[in-house]
Amino acid sequence: MDNNYDIIVVGSGHAGCESALASARMGQKTLLLTLNLDSIGFLACNPSIGGTAKGHLVCEIDALGGEMGINADKATIQRRMLNSSKGYAVQSLRVQADKNKYHTYLKQTIENQPNLYLRQGEASKILVENNVVCGLKTKQGETFNCKAIIICSGVYLKSKIIIGKYSKDVGPNGFANASDLSDSLTKLGFKLRRFKTGTPVRIDGKTIDYSCLEVQKGEDNIQTFSTITVEKPRNVADCYLTYTNPTTHKLILDNLNLAPMYNGDIKGTGPRYCPSFESKVVRFADKERHQLFLEPEGLDTNEVYLQGFSTSMPVDLQCKMVNSLKGLENAYIMRDAYAIEYDCIDATTLYPTLESKDISGLYFAGQINGTSGYEEAGAQGIVAGINASLKLEHKEPMILKRSESYIGVLIDDLVTKHTDEPYRMMTSRAEYRLTLRQDNADLRLTEIGRKVGLVDNNRYAIYKKHLQEIDELDSVLEKIYKPKELEELFEKCGETLSKTSGLTLKDLLRRANITAETVQDFAHDILGKYDIRAIKEWEINLKYEGYLKRQEIQINQAKKLEDKDLPADFDYNQIKGLRLEARQKLNEIKPLTLAQASRISGVSPADISVLTIYLKTINK
């Protein structure tokens, strides 16, 4: 076997798969090294993709030429648009995927990707010469030579699962963990932290009384994750809603001494926005109930996931807690819930390219960077894969701005702010979220994906056709309709028709209760041939025209700081006008732009003013 590669990707979770596919598609000879071939793209927690803000990330991965959206569409068994009653900025697609099909489809894609080699083994040592990556060794005794390495180890580094007093050094779902790589990273100078996450019980669906539960149906007429998905996924499964009650809460409160989260057995820091259920009960003591979702794991299994019921309580208590729930009085637990602790790095030691600041050619992506979630991992994975490939081609890196994408927000937060807990993407983190919607991800990022070489001709043709339709609609939507022609439409939509000489289709789209779908149906003779996505783009831009213009001004103002580069190796102690804390933080983070410096905790607006003046003096 030829053990020489351009890029080696360690780990085959969602970050690893996107990294490996990106680098292979960009022409790099790539090795994907995984602990277990059966864990490729494994949905270790809930088999769902997307959700609030996370759906945006999936659409952006797709726009860049990634795989997650395509794979999620193929494996979908139910899909819904979250926050559909709210504004378009916070609406997010979420699908329930078939767990086994998602893994199978992704493994097939990887196995059939040119330039990509799949190998089962455990990375044990990263080889470095003169602070430059040159290869790695495996625990099985092999040595692989390479020019770049992307570490996508997920939650497997010295991972330990915890259930009550029981603990075991394994990874998710009982897969083997990685025992040596943490030591290798420590020897290279990385300070490792201990984070924690968890997963709920899996219940035998045959033992659930669905007749007394609230059914959650899927939605058909909503967008897909991928713009190249031809056949829309069908809703073939239902989810259900139940609630906890005082009995459930009492079981927890009476036994907190047995909860590893509270008795000291768990040392790792857990996610604030996806806490264990016992943390919810303690934190929100005034709430009489919490909602829980029963979601199928797939079409070929009876296993049902109890969303919102993550716990590490002892197994006997887990059983009592589950049986206290309506509809689950006789439920049978097939898999126990557990907490899992694992090692991760501080991502402020990375550039926005996700390359180490200290070791050239060493990249990190996914939960090893302190994030949570499949979508956050996949987003980092594609960025790391792209940038590692661009570096080997001696090309400029791809650094997405906060004003361009949620991915840009995610990575900027990671490399400039110390995350003291697993980081989760939320719409509130994006200051330009009205511009960064999931429906326009292709308009924002496809050209970037094309430039780096990931967007193929088929995807690009679909994108160009979409642009053409949007352009054509500019004049088509100017058609005027007389008040008499609009009476029935306005009455149906609950709109008031004032006396006027006539209204254009653009005027209709500006109305709060009139949608793109309604207008297309009303003027089907001229709009029937256009994709609803193009009409929807006009609707959103017209409805939010004033807000979008205001946000564009804000983006242009911020761009002035983004365009002011800072030396990567500069010693900020030389600038005496900076406060001591600012000097320390700037020397630690080494921001690449003035905008990035302004987002570092401990760097004040006054410090930015000092930096601005300093840049003017050195650029004269």
Side-chain angles (χ1 to χ4, degrees), residues 52-61 63-64 87-90 92 347-348 350-355 365 369-371 373 375-384 386-387 396-419 423-449 451-452 544 547-566 568 585-586 589-605 607-608 611-612:
T52 305
K54 294 169 177 282
H56 294 65
L57 290 174
V58 181
C59 291
E60 291 180 354
I61 293 168
L64 289 170
Y88 290 108
V90 296
S92 300
T348 60
L350 309 178
Y351 289 119
T353 59
L354 297 181
E355 182 183 21
N369 287 342
T371 59
E375 302 82 4
E376 290 89 341
Q380 295 169 70
I382 194 170
V383 169
I386 288 171
N387 281 317
E396 286 294 311
M398 182 193 77
I399 298 177
L400 299 176
K401 298 181 178 66
R402 296 180 73 92
S403 58
E404 289 178 323
S405 64
Y406 270 72
I407 296 177
V409 174
L410 164 67
I411 292 177
D412 184 69
D413 281 351
L414 290 177
V415 301
T416 59
K417 301 172 183 176
H418 290 281
T419 54
Y423 179 101
R424 178 176 180 170
M425 193 72 243
M426 295 179 290
T427 55
S428 59
R429 297 190 190 274
E431 55 268 50
Y432 308 118
R433 59 181 176 271
L434 186 55
T435 301
L436 308 180
R437 305 182 310 275
Q438 62 178 7
D439 62 88
N440 69 357
D442 57 331
L443 301 181
R444 293 183 278 112
L445 298 175
T446 301
E447 289 290 358
I448 296 175
K451 181 181 178 182
V452 301
Y544 296 95
Y547 296 103
L548 288 168
K549 285 181 179 178
R550 190 185 307 166
Q551 200 152 96
E552 185 179 355
I553 293 171
Q554 295 170 341
I555 290 171
N556 289 333
Q557 289 172 340
K559 192 174 184 296
K560 295 175 183 178
L561 293 180
E562 294 285 2
D563 291 340
K564 292 183 179 178
D565 295 332
L566 293 170
K585 291 292 181 70
L586 289 165
I589 304 297
K590 297 289 185 184
L592 300 182
T593 67
L594 203 56
Q596 193 182 0
S598 70
R599 293 187 288 268
I600 297 174
S601 175
V603 177
S604 71
D607 297 317
I608 297 301
L611 278 177
T612 303

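Note that this is a predicted model, so its numbers are computed, not measured.
Glu447 meets the salt bridge (Lys or Arg N to Asp or Glu O under 4.0 Å) test with no other residue; sequence neighbours excluded. With sequence neighbours left out, Asp563 forms a side-chain hydrogen bond (donor to acceptor under 3.5 Å, both in side chains) with Lys559. Considering only residues two or more places apart in sequence or on other chains, Ser604 meets the side chain to side chain contact (heavy atoms under 4.5 Å, CB included) condition with Arg579, Ala606, Asp607. With sequence neighbours excluded, the residues that form a side chain to side chain contact (heavy atoms under 4.5 Å, CB included) with Thr348 are Asp346, His418, Glu588, Ile589. Taking the side chain to side chain contact (heavy atoms under 4.5 Å, CB included) definition, one finds that Lys590 meets it with Lys357, Asn587, sequence neighbours left out. For Lys417, the side-chain hydrogen bond (donor to acceptor under 3.5 Å, both in side chains) criterion is met by Asp413, not counting sequence neighbours. Under the rule for a side-chain hydrogen bond (donor to acceptor under 3.5 Å, both in side chains), Thr446 has no partner lying at least two apart in sequence or in another chain. Under the rule for a salt bridge (Lys or Arg N to Asp or Glu O under 4.0 Å), Glu404 has no partner lying at least two apart in sequence or in another chain. In this structure, the side chain to side chain contact (heavy atoms under 4.5 Å, CB included) partners of Thr353, at least two apart in sequence or on a different chain, are Tyr351, Glu355, Tyr363, Asn387, Pro397, Ile399. Not counting sequence neighbours, Asp565 has no partner by the salt bridge (Lys or Arg N to Asp or Glu O under 4.0 Å) test. Remark: Glu60 pairs with Arg444 by the side-chain hydrogen bond (donor to acceptor under 3.5 Å, both in side chains) rule, at least two apart or across chains.
A cation-pi arrangement is absent between Arg437 and Tyr544, since the terminal nitrogen or guanidinium carbon is not both under 6.0 Å from the aromatic centre and inside a 45° cone about the axis.
Distance CG/Leu594 to CZ/Arg599: 10.0 Å, rounded to 0.5 Å. Taking CG of Leu414 as the reference point, atom OG1 of Thr419 lies at 6.0 Å (rounded to 0.5 Å). Between the CG atom of Leu436 and the SG atom of Cys59 there is a distance of 12.5 Å, given to the nearest 0.5 Å.
Here the side chain of Lys585 pairs a donor or acceptor atom with the backbone of Ser601 at under 3.5 angstrom. Judged by distance alone, with hydrogens and angles left aside, the side-chain atoms of Arg429 form a donor-acceptor pair with the main-chain N or O of Arg424 at under 3.5 Å.
The pair Lys401-Glu431 does not count as a salt bridge, with every side-chain nitrogen at least 4.0 angstrom from each carboxylate oxygen.
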